[in-house]
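Chain naming here is simple, since letters A, B, ... match the order of the sequence lines and numbering starts at 1 in each. Note that the structure is a prediction, hence the values are computed from the model and not measured.
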Amino acid sequence: MKLLPRTLAGAVHSAITSAQSAGALPAFDMPEIDVRPPKRAEQGDYAVSLALGLAKATGMKPLDIANAIAAHLTRPEFIAEVEVIPPGFINFRLDETWLRDQVEAIIAEGDKAFQLDLYAGKRAQVEFVSANPSGPITVGRSRGGVIGDTMARLLQAAGYEVEREYYFNNAGRQMRNVGSSLKIRYLEALGKPVVVPDSGDDTFYQGDYLIEFAHDLIEKVGESWVDSDWHPFKDYAEERMFGWIRASLARVGILHDVYFNENSLYESGAIWKVLEALEAGGYVYRATVPEAADSEEVEEAGDKGEAVWFRSTHLGDDKDRVLVKSSGEPTYTLPDIAYHVNKLERGFDLLVNILGADHGAQYKVVQYGVQALGMDPSKIHVIINQMVRALRDGKEVRMSTRRGVYDTLDDLIEQTSADAVRYMLLARSADSHLNFDLDLAVKRSNENPVYYIRYAHVRCAGIFREAAARGVSDDGADVSLLGAAELGFLRKALELGEVIDAAARFMEPHRIAFYALELANAFHPIFDNVRVMHTEVPPELAKARLRFYRAAQGVFARVLDLMGMSAPDVM
RNA sequence: GCGCUCAUAGCUCAGUGGAUAGAGCAAUGGUCUUCGGAACCAUCGGUCGGGGGUUCGAAUCCCUCUGGGCGCACCA
């Protein structure tokens with residue numbers, strides 16, 4: 001599949017060059033040629049406005065520039081008409097014969113329809129979810145999960161070879177607290193004298209799931225762990241938690257290829273190598289306070305002891321960061337930098353990181369670290385998604401794994417459906433806050449766009465069921481019989497490549513969700529008017545229309561797959 | 001206080017400096033159904049938070065103000 005706007009941009013580029021050598025246009029720096037569909041259908045299928053911006057550089061009227069470009073333009077085979085419109089737009093119209101032939105092209109490509117090769121031979125890695133195994137996946141984390149997995153699918157569609165990675169830390173204080181919390185639940189379940197901390201103790205995980213784990217543990221090991229410290233409890237909790245997390249994610253089609261343990265960076269010595277390299281570059285110093293500290297801060301610090309600092313301010317940071325605490329223990333910054341160094345060393349051309357807004361500031365420090373080590377920070381791309389508010393009865397439901405009050409991904413799926421969760425969490429720009437209305441999501445009504453989109457696929461499937469029953473086939477269909485309504489849908493369908501391209505380039509996976517709705521919107525009116533098995537439809541036309549619906553169904557299947565949703569034949 | 005982010009139709013939100021700012025839902029009025037009505041058509045609805053600026057052209061870029069959210073640890 002090739003991208004029509006890119007091909008057109010190339011044609012315009014050549015037209016400008018040849019107009020210049022013919023003397024019809026003066027010399028100027030070639031601007032970026034942005035070809036896109038105009039808002040209004042009567043303005044054609046694609047348009048460029050660059051002549052408007054060239055007036056100053058050329059000293060010519062935009063209309064004259066546009067005419068000069070149009071006169072030297074070699075029309076690609078898919079364009080039927082080139083039109084210059086005041087004040088200087090150049091509009092292109094697709095060739096309808098070519099457009100009808102796309103029915104066959106789409107069918108021929110099958111489930112690879114609209115697969116692009118823009119990044120052939122390039123490898124991308126998407127790191128997402130990356131929650132520590134201390135509790136179930138929450139609604140907030142689910143958003144990052146859906147965004148990350150959809151981004152991975154879109155990058156694949158754009159031509160990247162993609163790996164999905166989950167980064168976790170099972171050695172921190174959080175996990176120790178989980179271990180000791182489980183031990184308390186274990187002793188409690190055995191009727192041993194133990195005080196269960198109340199919600200005021202934030203080292204204790206209140207979640208009910210630990211009670212369940214404790215009972216399962218007793219069935220497995222009986223009372224033999226009564227005198228054990230928190231370690232085996234942590235290990236057991238971690239294993240159970242990871243099983244749960246993976247299962248929850250799998251329910252919405254999220255599967256990671258690699259689970260990367262932060263602890264391995266300690267075990268391999270990678271973090272110390274990074275520290276040495278930073279030091280060799282002159283980016284490290286030892287002090288009780290940062291170099292920029294004023295006397296007040298010096299006083300406050302007192303006799304804290306020396307920490308190891310990263311001189312990130314030399315790269316533009318607003319303050320230096322501690323890499324190793326005065327206790328000798330590294331902060332999270334050091335392994336974070338080491339992790340990204342590790343990722344870059346694995347040879348990826350693109351690293352995408354999905355982070356919640358609450359972790360958003362950290363990536364900059366990582367970029368400074370990578371930069372300090374002479375590596376290319378521009379390969380790292382971060383998608384920061386704003387918080388999710390879960391609303392029930394119009395009121396916010398607060399979420400906290402530690403307090404045991406939470407809305408999990410499992411809850412959402414059970415109350416709605418896996419497809420609804422995927423769509424709802426995707427159909428919003430990552431930059432904006434997302435209100436997940438739990439009541440609305442429960443409703444099985446057409447307020448939910450999920451049904452509308454899937455229904456398009458279901459309706460196609462219905463046609464083929466009926467066609468099979470009546471012995472109608474699309475073999476040897478003549479697509480030249482297709483009418484204006486079908487062409488309208490095909491125009492919309494052909495935008496899919498551009499949507500994939502833009503979503504991959506701008507790292508904006510929500511685009512596919514909006515496109516899907518637009519595509520469904522283009523489909524349903526046609527379904528009503530373009531009948532296949534109506535008594536008044538001649539057999540040859542029925543055959544052509546059936547062929548059209550086969551292509552349409554394929555496009556919906558592809559779009560749903562890109563969103564990680566199912567494409568059912570019935571619902 | 002500083003940084004990031006958001007503010008667009010009654011609600012939820014799209015909108016890559018270009019042509020008359022768009023969807024979905026809600027509301028109102030129609031269609032009355034051969035393949036699934038979870039549908040279709042029409043209407044209503046906007047000082048793009050306020051104010052400046054840049055530009056031939058601004059919802060979009062810059063400045064500023066207002067109001068939300070998230071950060072700003074030798075926590076992760």
Under 3.5 Å donor-acceptor pair, A:Asn91 side-chain atoms to B:A19 base atoms: yes
Rounded C1' spacing from B:A9 to B:A23 in Å: 11 Å
Any A:Pro136 side-chain heavy atom under 4.5 Å of A:Met241 side chain: yes
Side-chain donor-acceptor pair present, A:Asp320, A:Tyr285, cut-off under 3.5 Å: yes
Donor-acceptor contacts, no H, no angles, side chain residues 50-63 of chain A, under 3.5 Å, sequence neighbours left out:
from	atom 1	to	atom 2	distance (Å)
A:Thr58	OG1	A:Leu54	O	2.7
A:Thr58	OG1	A:Ala55	O	3.4
A:Thr58	OG1	A:Met60	N	3.1

Mutual orientation of the aromatic rings belonging to A:Phe527 and A:Phe523 [parallel < 30°, tilted 30-60°, perpendicular > 60°]: tilted
Which residues share a side-chain hydrogen bond (donor to acceptor under 3.5 Å, both in side chains) with A:His524, sequence neighbours left out: A:Arg459
Distance test, side-chain N/O of A:Arg459 to OP1/OP2 of B:G37, below 4.0 Å: yes
P atoms of B:U54 and B:U60, separation to the nearest Å: 15 Å
A:Lys319 vs A:Gln362, nearer the 5' end of RNA chain B by closest nucleotide: A:Lys319
Using a cut-off of under 3.5 Å, enumerate the N/O to N/O pairs linking the protein to nucleotides 53-62 of chain B.
from	atom 1	to	atom 2	distance (Å)
B:C56	OP1	A:Lys56	NZ	2.9

Length of the CZ-C1' vector between A:Phe523 and B:A39, whole Å: 11 Å
C1' spacing across the pair B:A59 / B:G22, given as an integer number of angstrom: 12 Å
Contacts of type salt bridge (Lys or Arg N to Asp or Glu O under 4.0 Å), residue A:Arg428, not counting sequence neighbours: none
Side chain to side chain contact (heavy atoms under 4.5 Å, CB included) partners of A:Ala513, counting only residues at least two apart: A:Tyr423, A:Leu426, A:Ala427, A:Met563
By side-chain hydrogen bond (donor to acceptor under 3.5 Å, both in side chains) - contacts of A:His457 (at least two apart): none
For atom NZ of A:Lys492 and atom P of B:G22, their distance in whole Å: 13 Å
Sugar-phosphate only, base, or nothing, as touched by A:Asn169 at under 4.0 Å among non-hydrogen atoms: sugar-phosphate
Phosphate OP1/OP2 of B:G15: any A:His510 side-chain N/O under 4.0 Å: yes
Sugar-phosphate only, base, or nothing, as touched by A:Arg465 at under 4.0 Å among non-hydrogen atoms: base
Distance-only donor-acceptor test (3.5 Å): side chain A:Tyr455, base B:A38: no
Sugar-phosphate, base or nothing in reach of A:Gly462, heavy atoms under 4.0 Å: sugar-phosphate
Whole-Å P distance, B:A58 and B:U20: 12 Å
With sequence neighbours excluded, residues passing salt bridge (Lys or Arg N to Asp or Glu O under 4.0 Å) with A:Glu42: A:Arg40
Sugar-phosphate only, base, or nothing, as touched by A:Asn132 at under 4.0 Å among non-hydrogen atoms: sugar-phosphate
Touch class at under 4.0 angstrom, heavy-atom based, for A:Ala502 against every strand present: nothing
Side-chain N,O (A:Tyr515) to OP1/OP2 (B:A14) below 4.0 Å: no
Note: A:Arg491-A:Glu495 ion pair, threshold 4.0 Å (strictly below): no
Atom-to-atom span, CZ of A:Phe514 to P of B:U12 - whole angstrom: 14 Å
Touch class at under 4.0 angstrom, heavy-atom based, for A:Val472 against every strand present: nothing
Sugar-phosphate only, base, or nothing, as touched by A:Ala55 at under 4.0 Å among non-hydrogen atoms: nothing
B:G18 to B:C61 separation - P atoms, rounded to the nearest Å: 11 Å
Distance between C1' atoms of B:C70 and B:U31 (Å, rounded): 49 Å
Donor-acceptor pair under 3.5 Å, A:Arg531 side chain vs B:U34 base: no
Counterpart residues, salt bridge (Lys or Arg N to Asp or Glu O under 4.0 Å), relative to A:Asp336 (two or more places apart): none
With sequence neighbours excluded, residues passing salt bridge (Lys or Arg N to Asp or Glu O under 4.0 Å) with A:Asp317: A:Arg321
Nucleotide B:G36, atom C1' - distance to CD1 of A:Ile453 in whole Å: 18 Å
Nearest-Å distance once atom C1' is located in both B:C35 and B:U47: 49 Å
N/O (side chain, A:Asn385) to phosphate O (OP1/OP2, B:C70) under 4.0 Å: no
Euclidean distance for P, B:A27 against B:C11 (whole angstrom): 15 Å
Side-chain N,O (A:Tyr363) to OP1/OP2 (B:G3) below 4.0 Å: no
Nearest-nucleotide comparison on RNA chain B, the residue closer to the 5′ end among A:Leu434 and A:Ser327: A:Leu434
Closest to the A:Asp528 side chain, choosing from B:A39, B:A76, B:A23: B:A39
Sugar-phosphate only, base, or nothing, as touched by A:Val530 at under 4.0 Å among non-hydrogen atoms: base
A:Lys325 side-chain N/O to B:C75 phosphate OP1/OP2 under 4.0 Å: yes
Side-chain N,O (A:Asn521) to OP1/OP2 (B:A23) below 4.0 Å: no
Options B:G37, B:C13, B:A76, nucleotide nearest the side-chain atoms of A:Phe527: B:G37
Pair A:Glu127 + A:Lys343: basic N to acidic O under 4.0 Å: yes
Secondary-structure string, 5' to 3', Watson-Crick or G-U under 3.5 Å, | for another-strand partners, for RNA chain B: (((((((..((((....[...)))).(((((.......))))).....(((((..]....))))))))))))....
Atom-pair distance (CG on A:Leu355; P on B:G3), nearest Å: 21 Å
Atom pairs under 3.5 Å: protein N/O with N/O of nucleotides 4-10 of chain B:
from	atom 1	to	atom 2	distance (Å)
B:U5	O2'	A:Asp431	O	3.0

Check: A:Trp230 and A:Ser181 side chains under 4.5 Å, non-hydrogen atoms: no
Nearest-angstrom distance from the residue atom CZ of A:Arg40 to P of B:A19: 10 Å
Let me have the donor-acceptor pairs involving side chains of residues 534-546 of chain A, under 3.5 Å, with sequence neighbours excluded, atom names and distances please.
from	atom 1	to	atom 2	distance (Å)
A:His534	ND1	A:Glu536	N	3.0
A:Lys543	NZ	A:Asp475	O	2.9
A:Arg545	NH1	A:Arg531	O	2.8

Sugar-phosphate, base or nothing in reach of A:Pro38, heavy atoms under 4.0 Å: base
